[in-house]
Amino acid sequence: MVKYGLDYTRCRWILPLLLGIGVIFGIIALAGRGWLESQTLPYVHQASLWESCTRSGPGVPWTCESLMGYAWGRAAAATYLVGFLLLVICFALAIIAFAIDTLRFNFIRGIGGLLFVAAVFSIMGLVIYPVKFSSEIDMVGINMFSWAYGFGWTTAIMEICLGFFFCCLPNYEDQILGNVKPTYFYSSP
């Protein structure tokens, strides 16, 4: 990306594309029912960010209880949702920033800062959930935090990494825009 500059059309959209993938992972985490699942027989427990479902045995319908009745459930959902909304805002700002012919590098650094704030909110929700869930909800057998919870952590890690990229990109403004004269280390005999 630095070799060709951000005017190279295929490289220009890499960071917004990665933000878009982070948004998709965040949607999967918010909508997924696999935050917590029973690991061994009997498979009697599964939970999402929004509700906890149990059943007495195989073939019996699930009985679900909303986690919004707990203060920690509302806090976990709210903080993760705020982090996700900030990620969506960063995605929209990145598309705007990279669609403009002349890049505004201070604007890009602001997107990086906002991504770090989004990561803090996401991580707060991802930490509140397992700590309070395991201490306040009765669980039977061996349970594991599963795939949707993993997508939540993947989103948070992507927010941190992309925040570094967006913050560091303006440091190479001259190289990206092609304003630096290349240095050759070849000397003729």
Side-chain angles (χ1 to χ4, degrees), residues 13-96 111-166:
W13 295 102
I14 289 175
L15 292 177
L17 175 69
L18 290 173
L19 277 174
I21 291 169
V23 168
I24 291 169
F25 286 174
I27 290 170
I28 292 170
L30 285 169
R33 290 187 62 129
W35 278 58
L36 181 123
E37 293 178 340
S38 296
Q39 186 175 1
T40 59
L41 288 174
Y43 297 110
V44 295
H45 204 156
Q46 76 178 27
S48 68
L49 181 60
W50 312 104
E51 63 185 1
S52 174
C53 299
T54 57
R55 65 181 176 184
S56 56
V60 179
W62 292 97
T63 304
C64 297
E65 172 192 12
S66 175
L67 295 178
M68 298 302 110
Y70 298 95
W72 61 267
R74 290 189 303 272
T79 54
Y80 189 80
L81 196 58
V82 167
F84 175 73
L85 291 175
L86 289 175
L87 177 65
V88 171
I89 290 169
C90 288
F91 176 63
L93 291 176
I95 288 176
I96 292 168
I111 294 171
L114 197 58
L115 280 169
F116 285 123
V117 174
V120 167
F121 277 104
S122 297
I123 291 172
M124 283 174 21
L126 289 166
V127 169
I128 291 170
Y129 183 85
V131 169
K132 298 305 282 183
F133 192 98
S134 60
S135 67
E136 293 194 18
I137 303 289
D138 293 327
M139 295 186 278
V140 176
I142 299 172
N143 296 285
M144 66 177 175
F145 291 97
S146 190
W147 59 272
Y149 186 68
F151 273 106
W153 274 107
T154 303
T155 302
I157 291 168
M158 287 182 77
E159 289 168 346
I160 293 169
C161 295
L162 288 169
F164 278 115
F165 278 120
F166 275 94

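Predicted model, so just to flag it, every value in this text is computed and none were measured. As a basis for the values below, the full set of heavy atoms in this structure was taken, side chains included, without hydrogen atoms, waters or symmetry mates.
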A.B. asks: Could you check if a side-chain atom of Tyr80 sits within less than 4.5 angstrom of a side-chain atom of Thr155, using non-hydrogen atoms only?
C.D. replies: yes
A.B. asks: Testing Val88, Val82, Leu86 one by one against Phe84 for a side chain to side chain contact (heavy atoms under 4.5 Å, CB included), which residue passes?
C.D. replies: Val88
A.B. asks: Between Arg55 and Cys64, is there a side-chain heavy-atom distance shorter than 4.5 Å?
C.D. replies: no
A.B. asks: Between Tyr70 and Ile137, is any pair of side-chain heavy atoms under 4.5 Å apart?
C.D. replies: yes
A.B. asks: I need the minimum non-hydrogen distance between Ala94 and Phe166, along with the two atoms involved.
C.D. replies: CB-CZ, 4.0 Å
A.B. asks: Closest approach of Ala29 and Ala148, non-hydrogen atoms and distance?
C.D. replies: CB-O, 3.6 Å
A.B. asks: Do Trp50 side-chain atoms and Ala77 backbone N/O form a donor-acceptor pair below 3.5 Å?
C.D. replies: no
A.B. asks: If you look at every heavy atom in Asp138 and His45, which pair is closest and at what distance?
C.D. replies: O-CE1, 3.8 Å
A.B. asks: Could you walk me through whether Ser38 and Gln46 pass the side-chain hydrogen bond (donor to acceptor under 3.5 Å, both in side chains) check?
C.D. replies: CA-CA 6 Å; Ser38 296; Gln46 76 178 27; over 6 Å; no
A.B. asks: Within this structure, what is the CD1-OG1 distance for the pair Ile24 and Thr154, rounded to the nearest 0.5 Å?
C.D. replies: 13.5 Å
A.B. asks: Glu51 side chain to Ser66 main-chain N or O, any donor-acceptor pair under 3.5 Å?
C.D. replies: no
A.B. asks: Are side-chain heavy atoms of Tyr129 and Leu67 found at a separation under 4.5 Å?
C.D. replies: yes
A.B. asks: Output the distance between atom CD1 (Ile111) and atom CD1 (Ile95), rounded to the nearest 0.5 Å.
C.D. replies: 10.0 Å
A.B. asks: Nearest 0.5 Å, please: how far is CG in Leu81 from CG in Leu87?
C.D. replies: 11.5 Å
A.B. asks: So, do Thr79 and Leu126 sit near enough that their side-chain heavy atoms are less than 4.5 Å apart?
C.D. replies: no
A.B. asks: Would you compute the distance between atom CG of Leu115 and atom CG of Leu15 and round it to the nearest 0.5 angstrom?
C.D. replies: 10.0 Å
A.B. asks: Are any of the side-chain heavy atoms of Ile28 and Trp147 separated by less than 4.5 Å?
C.D. replies: yes
A.B. asks: I need the Leu162 CG to Ile157 CD1 distance, nearest 0.5 Å.
C.D. replies: 12.0 Å
A.B. asks: Considering all heavy atoms of both residues, which atom of Phe91 and which atom of Pro16 are nearest to each other, and what is their separation?
C.D. replies: CE1-O, 3.2 Å
A.B. asks: Considering all heavy atoms of both residues, which atom of Leu49 and which atom of Met68 are nearest to each other, and what is their separation?
C.D. replies: O-CE, 3.8 Å
A.B. asks: The criterion is side chain to side chain contact (heavy atoms under 4.5 Å, CB included); which residues satisfy it with Ser146, sequence neighbours excluded?
C.D. replies: Glu37, Met144
A.B. asks: Is any side-chain heavy atom of Leu36 closer than 4.5 Å to one of Asn143?
C.D. replies: yes
A.B. asks: Taking C-beta and beyond as the side chain, do Trp153 and Ile123 meet within less than 4.5 Å on heavy atoms?
C.D. replies: yes
A.B. asks: Classify the ring geometry between Phe145 and Phe133 as parallel (under 30°), tilted (30 to 60°) or perpendicular (over 60°).
C.D. replies: perpendicular
A.B. asks: Does Tyr149, at its OH atom, have more than 12 non-hydrogen atoms belonging to other residues, nucleotides or ligands within less than 6.0 Å?
C.D. replies: yes
A.B. asks: So, for Ile128 and Ala75, which heavy atoms are closest and what is the spacing to 0.1 Å?
C.D. replies: CD1-CB, 4.4 Å
A.B. asks: I would like to know whether Val44 and Thr54 meet side-chain contact (heavy atoms from CB on, under 4.5 Å); could you show each step before the answer?
C.D. replies: CA-CA 5 Å; Val44 295; Thr54 57; 5.8 Å; no
A.B. asks: Taking side-chain hydrogen bond (donor to acceptor under 3.5 Å, both in side chains) as the definition, give me every residue that meets it alongside Ser48, ordered by chain and number, with sequence neighbours left out.
C.D. replies: none
A.B. asks: Within this structure, what is the CH2-OG distance for the pair Trp72 and Ser135, rounded to the nearest 0.5 Å?
C.D. replies: 7.5 Å
